[in-house]
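Shown next, in structure tokens, is the structure this report addresses.
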Amino acid sequence: GIDGLYATGWATAGTYTVQATAPGYYPATITGVQLVNGQVTNLLIELEPMVPFDITCNVIDAGSSSPIPNASVVLKSANFTLSGTTDANGACVFAGVFSDTYTAGAGRWGWHSACLNAQALSSTNNTVQITLPAGYADDFSIDLDWEVTGDATTGLFELGDPVGTTNGGNACNPENDAPADCGGFAYVTGLAGGNAGDDDVDGGSTVLTSPIFDASGAGEAHVSYRRWFYNGGGSGSPNDQLLVQLDNGTTTATLETVVAGASGNSSWLSRDHRIADFLAPTS
């Protein structure tokens, strides 16, 4: 409780080990605690507070080692989630942080995002360097400002950890992000879970639009992505569809139209399209 008091119980008398943990404190372990049936054992546990320190994250370009300003940075542990933005020197400082095991991630539109393996950060190990390769890519581990629009009454696109749903044994919403992706987040049309019909797209459409990117550089420009689609159940014939489109500001080209019964529905599928097959690659 907020007063620090706790209570628990155990059905079998004996000798036990008790551990107490709290964010910002070192864990404490008390051995040899005697529990007797019918008696209350009062145990006072003192936790030693950790000394807060600062963590500095530096985000640099993989090719030039130049700092990347305005990159989003996220540190996560079991107890803490820290988020910030890099300054003109590519640095992001998190002040008053406690020792823990953190995963680190960073991203900015125009670079590939990066996720680092979990590492123990402390006052003597408090600098994290994250290197981002140049290029347009997004695995949605960091919110890079995709735009959600549409008039659907339910099932608008949401960024988060997918919550799986099923219909007659068929997977509707995915339970997990696409495999081998950085982080576990995706854009999903509804994250409430429950029955398949509780959180699907109804009453209109929902549109997810990327930030602008320049396809006019050297080499052959492609658009690659992984997508999941399911349409079934309800009344009448399933007639929803998923459109993937490319817009250069003047012309909108449809790269893919997915309908109910299409091959590979209810699974993550990879797709790759050469932009020049649909539109002249421009900025």
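Side chains are part of it too, since the values below use all heavy atoms of this structure and drop only hydrogens, waters and symmetry mates. Heads up: numbering here begins at 1 and tracks the sequence.
A donor-acceptor pair is defined here as one N or O able to donate and one able to accept, closer than 3.5 Å; such a pair exists between the side chain of Ser267 and the backbone of Gly264. Judged by distance alone, with hydrogens and angles left aside, the side-chain atoms of Asp199 form a donor-acceptor pair with the main-chain N or O of Ala192 at under 3.5 Å. When atom types are taken as modelled, the side chain of Asn126 and the backbone of Asp54 share a donor-acceptor pair closer than 3.5 angstrom. Distance alone, capped at 3.5 Å, places no donor-acceptor pair between the Glu147 side chain and the Thr209 backbone. Checked by atom type and distance alone, the side chain of Thr154 pairs as donor or acceptor with a backbone atom of Asp200 at under 3.5 Å. Side chain of Asp177 to main chain of Gly160: no donor-acceptor pair is present (N/O by atom type, distance under 3.5 Å, no hydrogens or angles). At least one donor-acceptor pair closer than 3.5 Å links the side chain of Asn248 to the backbone N or O of Thr251. Proximity of a side-chain donor or acceptor of Asn89 to a complementary backbone N or O of Ala91 within less than 3.5 Å is not detected. At least one donor-acceptor pair under 3.5 Å links the side chain of Thr86 to the backbone N or O of Asn70. Under the 3.5 Å distance criterion, the side-chain polar atoms of Asn231 are matched with a main-chain donor or acceptor of Asn239.
Here CD1 of Ile60 is found 4.0 Å from OG1 of Thr131. Values are rounded to the nearest 0.5 Å.
The two atoms that bring Thr166 and Ala196 nearest to each other are O-CB, 3.5 Å, heavy atoms only. Taking all atoms of both residues into account, the shortest heavy-atom contact from Pro281 to Ala215 is CB-O, 3.2 Å. Residues Thr189 and Asn173 come closest through the heavy atom pair O-OD1, 4.4 Å. Listed here is the closest heavy atom pair of Ala134 and Asp61: CB-OD1, 3.9 Å. Closest heavy-atom contact between Thr21 and Leu47: C-CD1, 4.4 Å. Minimum interatomic distance between Arg226 and Ser270 (heavy atoms only, all atoms of both residues): CG-OG, 3.3 Å.
Using a 4.5 Å cut-off on side-chain heavy atoms (C-beta onward), Asn265 and Trp228 make no contact. Looking at Thr41 and Gln39, their side chains never come closer than 4.5 Å, going by heavy atoms from C-beta outward. The side-chain heavy atoms of His273 and Phe278, taken from C-beta on, include a pair separated by under 4.5 Å. Considering only heavy atoms from C-beta on, Thr17 stays 4.5 Å or farther from Ile30 through its side chain. In this structure the side chain of Thr15 never reaches within 4.5 angstrom of the side chain of Val33, judged on heavy atoms. In this structure, Asp151 and Ser205 have side chains that are in contact, with non-hydrogen atoms separated by less than 4.5 Å. Annotation: side chain of His222 is not in contact with side chain of Ile275 (no heavy-atom distance under 4.5 Å).
Between the side chains of Asn125 and Ser122, no donor-acceptor pair is found at a separation under 3.5 Å. Side-chain contact of Thr252 with Gln245: a donor-acceptor pair under 3.5 Å is absent, judged by distance alone. A donor-acceptor pair shorter than 3.5 Å can be found between the side chains of Tyr230 and Asn167. Under the 3.5 Å distance criterion, with hydrogens and angles disregarded, a donor-acceptor pair is assigned to the side chains of Asp214 and Ser216.
Residues that satisfy the salt bridge (Lys or Arg N to Asp or Glu O under 4.0 Å) test with Glu256, not counting sequence neighbours, are Arg227, Arg271. Remark: Thr165 pairs with no residue by the side chain to side chain donor-acceptor pair (under 3.5 Å) rule, at least two apart or across chains.
Within 6.0 Å of OH in Tyr25 there are 12 or fewer heavy atoms belonging to other residues, nucleotides or ligands. A 6.0 Å sphere centred on CG of Asp3 holds more than 12 heavy atoms belonging to other residues, nucleotides or ligands. Around atom CD of Gln34, more than 12 heavy atoms belonging to other residues, nucleotides or ligands sit under 6.0 Å away.
Between Trp146 and Phe140, a ring centre-to-centre spacing shorter than 6.0 Å is recorded. You'll find the ring centres of His112 and Tyr136 outside the 6.0 Å limit.
Through side-chain heavy atoms spaced under 4.5 Å, either directly or across other Ile, Leu, Val, Met, Phe, Trp or Tyr residues, Val73 is tied to Tyr26, Met50, Phe53, Ile55, Val59, Ile68, Leu75, Phe80, Leu82, Phe94, Val97, Phe98, Tyr102, Trp111, Leu116, Leu121, Val128, Ile130, Leu132.
Val188 and Trp268 sit in two unconnected hydrophobic clusters of ILVMFWY residues. Membership requires side-chain heavy atoms under 4.5 Å apart, directly or through other members.
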Does Asp139 form a side-chain hydrogen bond (donor to acceptor under 3.5 Å, both in side chains) with Ser141? I'd like the steps, not just the answer.
CA-CA 6 Å; Asp139 47 36; Ser141 59; 2.8 Å; yes
